[in-house]
Amino acid sequence: MSSTESTMTDGTDPDRLKMFSFGVFTQLSGAVTAGMIHLGDRLGLFTALAGLERPVTTAELADAAGLDERWVREWAHNQAAARILDVDTTTSPELFSMSPEAVAVLASPDHVAYGMGMFHRFPQTMAALDEMPESFRTGLGHDYDSHGCEGAIGIEKSFEPWMRHHLLDTVLPSLDGVVDRLDAGASVIDIGCGAGGAVLMMAERFPNSTFVGYDISEHALERAAERLAESGLTNARFVDPRAESMPADRSCDFVTTFDCIHDMTRPQEMMELIREAITDDGTWLLVDIKGRDSFAENVAKNPMAPLMYGISVLSCMSSALSEPDGAGLGTLGLPASKAQEMSRAAGFTHFRKMDVDHSVNSFYEIRV
């Protein structure tokens with residue numbers, strides 16, 4: 001039987017089959033290249049190349065990074081082929097360099113566009129694949145501590161660059177009366193505080209206020225405690241709510257939740273706890289992933305939707321299903337309509353989507 005007859009028998013079109021296969025293996029190419037970006041960050045290759053400030057050979061780059069040239073050369077070929085690095089192929093050997101944009105994203109931790117957080121924790125994220133078959137069978141996922149200490153550091157590196165540039169000078173002033181209250185002296189809690197970045201930034205800026213960060217991740221709390229000790233701040237602390245419950249006397253003036261409600265097994269219960277914690281004239285800043293009301297809308301409006309749904313399986317939804325009967329919202333599972341519905345059910349009446357520009361998150365001002 002000829003190949004043409006075979007394709008007619010199994011219903012495939014040769015050209016479409018070729019393009020479909022290409023699309024599948026393009027995804028594999030992206031996954032492998034992500035691993036190479038992780039290595040570039042972990043081994044200091046991006047930092048070394050940016051520091052040289054000129055096109056260099058792989059021998060020069062290897063020397064600057066203290067690495068073996070042959071391995072660096074193959075890595076650089078991957079990165080250039082993926083258009084992560086720039087390369088001049090008219091010379092022998094080739095010369096590699098980084099555009100200003102590449103330096104910002106790959107080698108500048110203080111830049112607002114720095115993007116190495118998810119790549120830092122890439123091995124831990126991918127290692128979750130070993131646990132997934134059992135989760136698919138039982139319905140139970142795994143909490144964030146299953147990703148280890150490096151997972152917590154990756155989350156820190158993912159979100160803090162933008163926060164350092166915008167939390168204090170853009171987001172907080174956009175909330176009605178919050179900055180004045182913080183200046184005067186307020187009681188603040190940050191739920192799902194992670195490694196403590198937001199708490200430490202606010203505590204330094206507003207010395208008259210007191211800040212408590214809550215998290216159930218031992219790795220994140222250890223990192224937060226280290227950073228608090230380094231800061232010398234005395235108006236902040238970090239606790240596990242299982243050891244010290246959140247206040248339930250409506251004494252908190254300001255509550256923040258950054259990218260964590262969708263990860264929780266009991267998000268509705270958490271919103272009810274927030275209502276019990278916050279004063280009648282207090283403010284809750286809810287920051288969460290920018291989801292839409294349907295899968296179709298997410299795919300149409302978010303070019304990173306495949307990444308978001310995949311990360312949800314490996315991390316966010318897994319966390320949200322890490323206890324029996326967990327809510328399992330998932331990465332894109334808290335669109336504005338859902339957040340408003342849940343906050344109203346918890347006893348809040350004011351819900352405003354803030355005019356804050358962020359590529360991933362939506363920002364909501366919520367009050368009683």
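Heavy-atom basis, side chains included; hydrogens, waters and symmetry copies ignored.
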side-chain contact (heavy atoms from CB on, under 4.5 Å) between V72 and L45, intermediate numbers included: CA-CA 9 Å; V72 170; L45 283 160; 4.1 Å; yes

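- Between F258 and F159, the ring center distance fails the sub-6.0 Å criterion.
- The salt bridge (Lys or Arg N to Asp or Glu O under 4.0 Å) check on D240 picks up R242, with sequence neighbours excluded.
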Derivation and outcome, side-chain hydrogen bond (donor to acceptor under 3.5 Å, both in side chains), residues T58 and E69: CA-CA 6 Å; T58 52; E69 187 278 335; 2.6 Å; yes

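- Residues passing the salt bridge (Lys or Arg N to Asp or Glu O under 4.0 Å) test with E341, sequence neighbours excluded: none.
- F254 is connected to M201 through a chain of hydrophobic side-chain contacts under 4.5 Å among Ile, Leu, Val, Met, Phe, Trp and Tyr, so both are in one cluster.
- Under a hydrophobic-cluster definition in which Ile, Leu, Val, Met, Phe, Trp and Tyr are linked whenever side-chain heavy atoms come within less than 4.5 Å, directly or via other members, L49 and M36 are assigned to the same cluster.
- Here the closest heavy-atom approach between residue F96 and residue A80 is recorded as CE2-CB, 3.8 Å.
- When all heavy atoms of A50 and M98 are compared, the closest pair comes out as N-SD, 3.7 Å.
- S187 and D253 form no side-chain donor-acceptor contact under 3.5 Å, judged by distance and modelled atom types alone.
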Audit row: R237, E244, salt bridge (Lys or Arg N to Asp or Glu O under 4.0 Å) steps and yes/no: CA-CA 12 Å; R237 61 193 184 95; E244 179 184 324; 2.7 Å; yes

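- Residues D281 and R181 are paired through a salt bridge, judged by an N-O separation under 4.0 Å between the basic side chain and the carboxylate.
- Side-chain atoms of R344 come within 3.5 Å of backbone N or O of T349 as a donor-acceptor pair.
- The number of heavy-atom neighbours closer than 6.0 Å to CZ of R352, taken from other residues, nucleotides and ligands shown, is above 12.
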Stepwise salt bridge (Lys or Arg N to Asp or Glu O under 4.0 Å) test for R73 and D68: CA-CA 9 Å; R73 192 193 328 155; D68 181 84; over 6 Å; no

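- With sequence neighbours excluded, the residues forming a salt bridge (Lys or Arg N to Asp or Glu O under 4.0 Å) with R367 are E365, listed by chain and number.
- The closest donor-acceptor contact from the side chain of S294 to the backbone of E297 lies under 3.5 Å.
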Worked verdict on V199 versus F238 for side-chain contact (heavy atoms from CB on, under 4.5 Å): CA-CA 9 Å; V199 165; F238 297 99; 3.7 Å; yes

Show me the side-chain donor-acceptor pairs of residues 305-315 shorter than 3.5 Å, one per line, residues at least two apart or across chains.
{"unit_1": "Y309", "atom_1": "OH", "unit_2": "N298", "atom_2": "ND2", "d": "3.1"}
{"unit_1": "S312", "atom_1": "OG", "unit_2": "T331", "atom_2": "N", "d": "3.0"}
{"unit_1": "S315", "atom_1": "OG", "unit_2": "Y144", "atom_2": "OH", "d": "3.3"}

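- Within a 6.0 Å sphere centred on CD of E276, heavy atoms belonging to other residues, nucleotides or ligands number more than 12.
- Applying the salt bridge (Lys or Arg N to Asp or Glu O under 4.0 Å) test to D130 and every residue at least two apart in sequence or in another chain returns nothing.
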R227/E156 under salt bridge (Lys or Arg N to Asp or Glu O under 4.0 Å): CA gap, chis, key distance, verdict: CA-CA 12 Å; R227 299 175 74 191; E156 173 188 338; 3.6 Å; yes

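- Residues E272 and A346 approach most closely at N-CB, 3.8 Å, considering heavy atoms.
- Residue pairs meeting the side-chain hydrogen bond (donor to acceptor under 3.5 Å, both in side chains) criterion with at least one partner in residues 162-177, sequence neighbours excluded, are H166-T170, D169-R205.
- Note on V188 and M246: separate hydrophobic clusters, where clusters join Ile, Leu, Val, Met, Phe, Trp and Tyr whose side-chain heavy atoms are under 4.5 Å apart, directly or indirectly.
- Of all heavy-atom pairs spanning L221 and C193, the tightest one is CD2-SG, 4.4 Å.
- One distance of note links CD of E230 with CG of L200; it measures 9.5 Å at 0.5 Å rounding.
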Evaluation steps, side-chain hydrogen bond (donor to acceptor under 3.5 Å, both in side chains), between D190 and T256: CA-CA 5 Å; D190 179 30; T256 59; 2.8 Å; yes

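- For the side-chain hydrogen bond (donor to acceptor under 3.5 Å, both in side chains) condition, the pairs that include at least one residue of residues 210-221, sequence neighbours left out, are D145-S217.
- For Y114, the ring-ring contact (aromatic ring centres under 6.0 Å, His included) test picks out no residue, with sequence neighbours left out.
- Crowding of M19 atom CE: a count of heavy atoms from other residues, nucleotides or ligands under 6.0 Å not exceeding 12.
- For the pair Q268 and M342, the tightest heavy-atom approach, listed with the atom from each and the gap, is NE2-O, 3.1 Å.
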side-chain contact (heavy atoms from CB on, under 4.5 Å) between L28 and V32, worked out: CA-CA 6 Å; L28 180 59; V32 172; 4.3 Å; yes

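- Within 6.0 Å of atom NZ in K290, more than 12 heavy atoms from other residues, nucleotides or ligands are found, so the atom counts as buried in its surroundings.
- Salt bridge E60/R54: present, at least one basic N to carboxylate O contact under 4.0 Å.
- Although no hydrogens or angles enter the test, the distance criterion places a donor-acceptor pair under 3.5 Å between the side chain of S209 and the main chain of A186.
- Panel note: side chain T57, backbone P93; no donor-acceptor pair is recorded below 3.5 Å.
- Closest approach of P55 to S97, counting heavy atoms only: CA-CB, 3.9 Å.
- Side-chain atoms of H262 never come within 3.5 Å of backbone atoms of L334 as a donor-acceptor pair (strictly under, hydrogens ignored).
- M118 and L43 fall into different hydrophobic clusters, where Ile, Leu, Val, Met, Phe, Trp and Tyr residues are linked whenever their side-chain heavy atoms come under 4.5 Å apart, directly or through other members.
- For the salt bridge (Lys or Arg N to Asp or Glu O under 4.0 Å) condition, no pair includes a residue of residues 260-269, sequence neighbours left out.
- Distance alone, capped at 3.5 Å, places no donor-acceptor pair between the T257 side chain and the I191 backbone.
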Stepwise side-chain hydrogen bond (donor to acceptor under 3.5 Å, both in side chains) test for N361 and D288: CA-CA 5 Å; N361 287 329; D288 218 284; over 6 Å; no

List, one per line, each side-chain donor-acceptor pair under 3.5 Å for residues 321-329, sequence neighbours excluded.
{"unit_1": "S322", "atom_1": "OG", "unit_2": "S319", "atom_2": "O", "d": "2.7"}
{"unit_1": "E323", "atom_1": "OE1", "unit_2": "T265", "atom_2": "OG1", "d": "3.2"}

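- For the pair S21 (side chain) and K18 (backbone), a donor-acceptor distance under 3.5 Å is absent.
- Contacts classified as ring pair (Phe, Tyr, Trp, His ring centres under 6.0 Å) and involving residues 181-207 (residues at least two apart or in different chains) are not found.
- Linking Ile, Leu, Val, Met, Phe, Trp and Tyr residues whenever their side-chain heavy atoms come within less than 4.5 Å places F351 and I278 in a single cluster.
- Judged as a ring-ring contact (aromatic ring centres under 6.0 Å, His included), and not counting sequence neighbours, the contacts of F46 are W75.
- A donor-acceptor contact shorter than 3.5 Å links the side chain of S231 to the backbone of L228.
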Test side-chain contact (heavy atoms from CB on, under 4.5 Å) applied to C149 and E222, step by step: CA-CA 9 Å; C149 180; E222 287 175 7; 5.9 Å; no

